[in-house]
Amino acid sequence: MLSIDSNIFRNVLGRFATGVTVVTGYFDGGLPVGVTVNAFSSLSLDPPLVLFCLDRSTGSLDAFVNGNGFALNMLGKNQQHLSDIFASRKEDRFSGIDYETWNSGAPILSGCLANLECSLEAVHEGGDHLIIVGRVEKLMQADEGRPLLYYQGRYAHIDKLD
Ligand SMILES: Cc1cc2nc3c(=O)[nH]c(=O)nc-3n(C[C@H](O)[C@H](O)[C@H](O)COP(=O)(O)O)c2cc1C
């Protein structure tokens, strides 16, 4: 097997600029959960599918893998604090956070560039991550705004948009 240095691997992958999302769901019983995720991708137009990749060690894994659905909240450039909170070890990540719920009960964070509510379509193995596929059931987008970006382990903004 080809051995790849994990630091170099991480560094090389960091050269791919991404947006930032907070994926939300809830535990059986209704406790909301949320995780900052940049491993997000559109997958299919018909049916409308998206995917994200979740580390198997994520504390809230069960809420996404065995739940009925989840929401993907795409962060705008002024929402870096949300990315930090949902990537932290903070116990109650939702205290003081403004959100509503739609059909699934997953938190729809306020002020995002876009929100997608999904039903769980499939879960695939992906090494130390799981690939979670959702079918988009409902969505909303802001009229304007710019994205929060992540590049080489740092947050970034778009300064030119043609
Ligand atoms: C910008 C950014 C992107 C991230 N992307 C992912 C990701 O795609 N998948 C993932 O599993 N963790 C990702 N993380 C790490 C999780 O957000 C973090 O480990 C989270 O706290 C895990 O939740 P837990 O404390 O409930 O285990 C990312 C963190 C940051 C700051």
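Indexing begins at 1, ligand by ligand and atom by atom, following the structure's order. Worth knowing before you read on, the calculation uses all heavy atoms, side chains too, and leaves out hydrogens, waters and symmetry mates. Counting from 1, the numbers follow the sequence of the chain as shown.
In E100, the CD atom is crowded: over 12 heavy atoms of neighbouring residues, nucleotides or ligands sit closer than 6.0 Å. The number of heavy-atom neighbours closer than 6.0 Å to CZ of R10, taken from other residues, nucleotides and ligands shown, is 12 or below. For CD of Q141, the number of neighbouring non-hydrogen atoms (other residues, nucleotides, ligands) closer than 6.0 Å is 12 at most. At most 12 heavy atoms of other shown residues, nucleotides or ligands fall within 6.0 angstrom of atom CG in N68. The 12-atom threshold is not exceeded at CG of D28, counting heavy atoms of other residues, nucleotides or ligands nearer than 6.0 Å.
Annotation for ligand 1: atoms under 4.0 Å from non-hydrogen atoms of F86 are 17 (O), 20 (C), 21 (O). For ligand 1, the atoms sitting less than 4.0 Å from at least one non-hydrogen atom of D55 are 10 (C), 11 (O), numbered in the order shown with element in parentheses. Residue contact check: A39 has heavy atoms under 4.0 Å from atoms 8 (O) of ligand 1. In the vicinity of R89, heavy-atom distances shorter than 4.0 Å reach the ligand 1 atoms 25 (O). Listed by number with element, the atoms of ligand 1 under 4.0 Å from a non-hydrogen atom of Y150 are 1 (C). Residue-ligand proximity, C53 to ligand 1, at heavy-atom distances under 4.0 Å covers atoms 7 (C), 8 (O), 9 (N), 10 (C), 11 (O). Atoms of ligand 1 found under 4.0 Å from any heavy atom of L54, numbered from 1 in the order shown, are 11 (O).
Remark: minimum distance from atom 25 (O) of ligand 1 to any protein heavy atom is reached at R93 NH2, 2.7 Å. For atom 31 (C) of ligand 1, the nearest non-hydrogen atom of the protein is A87 CB, 3.7 Å. Closest protein heavy atom to atom 22 (C) of ligand 1: V35 CG1, 4.0 Å.
With rounding to the nearest 0.5 angstrom, the OG atom of S119 is 14.0 Å from the NZ atom of K138. Rounding to the nearest 0.5 angstrom, the gap separating the CZ atom in F64 from the OG1 atom in T58 is 8.0 Å.
Protein non-hydrogen atoms do reach within 4.0 Å of atom 11 (O) of ligand 1.
The shortest N/O to N/O separation between V20 and ligand 1 does not fall below 3.5 Å. Among the atoms of G59, some N or O lies under 3.5 angstrom from an N or O of ligand 1.
For residues 128-162, the ring-ring contact (aromatic ring centres under 6.0 Å, His included) pairs, not counting sequence neighbours, are Y150-Y155.
Side-chain atoms of S44 come within 3.5 Å of backbone atoms of P47 as a donor-acceptor pair (strictly under, hydrogens ignored). Under a 3.5 Å cut-off, the side chain of S104 and the backbone N or O of G69 do not form any donor-acceptor pair.
Taking each of T18, T58, V23, N38 in turn, the one with a heavy atom nearest to atom 3 (C) of ligand 1 proves to be N38. Distances from atom 15 (C) of ligand 1 to the heavy atoms of T36, T21, V33 show the closest one on T36.
P147 and I158 get closest at one heavy-atom pair: CG-CD1, 3.7 Å.
Neither the backbone nor the side chain of F52 comes within 4.0 Å of ligand 1, counting heavy atoms alone.
By the 4.0 Å heavy-atom criterion, K90 is excluded from the residues contacting ligand 1.
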